[in-house]
Q: 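Would you mind keeping the following structure in view while I ask a few things?
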Amino acid sequence: VTAVHILTIDGREVAGADGQTVLEVAREHAIDIPTLCHLDGLSDVGACRLCLVEVRDAKQLLPACMTPVAEGMQVTAHSEQLAEHRRAVVELLFVERNHVCAVCVANNDCELQDLAEHLGVDHVDLPAVSPDVGVDASHPLFAVDHNRCVLCTRCVRICDEIEGAHTWDVAGRGLDARVVTDLGTPWGASPTCTSCGKCVQVCPTGALFEKGRAVAEGAKHRRPFLPSLRTWHDGRRHP
Amino acid sequence: VMDDAVCMVDVARYFMDFCREESCGKCIPCRVGTTQLHLLLTRISEGQASMADIDRLERLSRTVGRTSLCGLGQAAPNPVLSTLRHFRQEYLTHIQDRACPSGVCPLRTREAVS
């Protein structure tokens with residue numbers, strides 16, 4: 001028997017099963033909490049800080065994607081303060097590298113763009129850092145444009161957890177952090193990449209894309225299948 | 001020793017430079033926020049800032065401190081916030097008079113301008 005916890009989110013009384021996260025329970029009850037690094041079917045890392053919520057008696061803001069529900073928990077998912085923090089985080093993402101939507105393959109199918117629209121980020125106030133981080137187009141089917149990368153690490157996680165190849169990883173730290181294939185060898189020369197394309201499908205921006213796609217032609221389609229893929233995959237590992 | 005030969009804007013900038021260097025890059029507020037705070041502090045110390053930058057500095061400091069994943073990012077804005085609290089006038093002098101009271105910052109002093 002799974003224990004059920006009663007908690008409140010934004011004043012609404014909701015029920016969640018033991019082991020569920022605040023984010024899962026909120027979404028089950030149609031309470032929208034913005035996310036970027038989270039993807040149903042992948043492990044969570046709590047890196048994008050967009051799903052931070054206020055939990056009563058907690059000293060810090062907690063990421064909803066990694067916080068398990070508990071009995072009597074009082075969660076505030078929407079406040080003026082949280083909205084300001086979320087807008088600031090999205091602004092920081094926009095000024096980190098190069099996110100010029102008008103010339104991006106993911107225009108109109110981009111989670112960063114959707115977030116900005118949803119949270120009301122219509123301009124940025126800070127100077128763009130935009131280091132020249134380059135493009136790796138050595139793979140015959142796909143390419144990675146690091147200028148569009150937000151380091152959500154979805155590609156790293158899906159490659160490791162679902163495909164089992166672990167081609168992607170993160171190298172460097174701070175502003176120098178990059179996603180890399182096989183310790184930094186060109187993607188096209190990767191001996192571990194199976195060319196399955198899962199990383200491309202889960203990339204929230206235009207950083208990973210199929211070759212031959214023009215501006216706004218890089219729509220990604222396979223994300224809804226991920227949770228069932230995960231269940232199937234876990235079933236094979238632990239029958 | 002922190003005496004009158006030390007510029008508080010420069011102190012804040014020094015600590016922010018350290019945090020920017022040490023940031024691991026996993027979470028966005030620390031990875032980009034420390035860099036942006038460092039840019040803002042550099043602009044103030046060079047006499048290139050406007051009064052709106054003080055507001056930007058305070059707001060961004062609060063966001064980075066509240067939303068960063070680990071202690072590095074959470075503590076990174078503390079030197080900024082405490083120097084702003086106790087030595088706000090030094091910041092204002094850098095911006096309004098384009099002068100560094102301690103003569104540390106690399107900006108032209110009012111004397112040099114006139």
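Order of the sequence lines fixes the chain letters, A, B, ..., with proteins taken first and strands second; residue numbering starts at 1 for each chain.
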Q: Select one option (side chain, backbone, both, neither) describing which atoms of B/Glu22 are under 4.5 Å from chain A's heavy atoms.
A: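 Both backbone and side chain.
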Q: Is atom CD of A/Glu28 surrounded by more than 12 heavy atoms (other residues, nucleotides or ligands) closer than 6.0 Å?
A: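 More than 12 within 6.0 Å, yes.
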Q: Select, from B/Ala52, B/Ser68, B/Cys30, the one with the greatest count of heavy-atom pairs under 4.5 Å involving chain A.
A: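 Heavy-atom pairs under 4.5 Å are most numerous for B/Ser68.
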Q: So how far is it from B/Arg20 CZ to A/Leu175 CG, rounded to the nearest 0.5 Å?
A: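 Between atom CZ of B/Arg20 and atom CG of A/Leu175 there are 8.0 Å.
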Q: Quick check on B/Leu69 against chain A: is it the side chain, the backbone, both or neither that has a heavy atom closer than 4.5 Å?
A: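 Both backbone and side chain.
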Q: Can you tell if the side chain of B/Leu39 reaches within under 4.5 Å of the side chain of A/Leu126, non-hydrogen atoms only?
A: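 Not in contact.
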Q: So which heavy atom on B/Gln36 is nearest to which on A/Pro127, and how close?
A: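 For B/Gln36 versus A/Pro127, the nearest heavy atoms are NE2-O, 2.8 Å.
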Q: Atom CZ in A/Arg49, atom OG1 in B/Thr63: separation rounded to 0.5 Å?
A: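 Spacing of CZ (A/Arg49) from OG1 (B/Thr63) equals 12.5 Å.
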Q: Out of curiosity, A/Leu50 CG to B/Ile28 CD1, how far, rounded to the nearest 0.5 Å?
A: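 Interatomic distance, A/Leu50 CG to B/Ile28 CD1, rounded to 0.5 Å: 6.0 Å.
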Q: Side chain from CB out, backbone as N, CA, C, O: work out which of these in B/Thr34 comes under 4.5 Å of a heavy atom of chain A, or both, or neither.
A: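 Contact with chain A is absent: no heavy atom of B/Thr34 under 4.5 Å.
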Q: Quick one, A/Leu92 and B/Leu60 - any side-chain contact, counting heavy atoms below 4.5 Å?
A: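 When only atoms from C-beta onward are counted, B/Leu60 and A/Leu92 do touch, with a gap below 4.5 Å.
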Q: Considering only heavy atoms, which portion of B/Thr67 lies under 4.5 Å from any heavy atom of chain A: side chain, backbone, both, or neither?
A: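 For B/Thr67, heavy atoms of backbone and side chain both lie under 4.5 Å from chain A.
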Q: Whether the side chain of A/Arg173 engages the backbone of B/Lys26 through a donor-acceptor N/O pair (distance < 3.5 Å, no angle test) should be reported.
A: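 Not at all, since once roles are kept as given, no pair shorter than 3.5 Å links the two residues.
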Q: Taking the side chain as every heavy atom from C-beta outward, state whether B/Arg31 and A/Leu93 have any pair of such atoms under 4.5 Å apart.
A: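 Yes, their side chains come closer than 4.5 Å.
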Q: Who wins among A/Val170, A/Thr153, A/Val89, A/Asp176 for the most heavy-atom pairs under 4.5 Å with chain B?
A: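 Result: the option with the highest number of such pairs is A/Val89.
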Q: May I ask you to name which of A/Val45, A/Val129, A/Leu36 has the most heavy-atom pairs under 4.5 Å with chain B?
A: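 Most pairs with chain B among the choices: A/Val45.
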Q: How about CG on A/Asp132, more than 12 heavy atoms from neighbouring residues, nucleotides or ligands closer than 6.0 Å, or not?
A: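 Count not over threshold, so no.
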Q: Tell me, for B/Arg66 versus chain A, whether the close heavy atoms (under 4.5 Å) come from the side chain, the backbone, both or neither.
A: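 Both parts, backbone and side chain.
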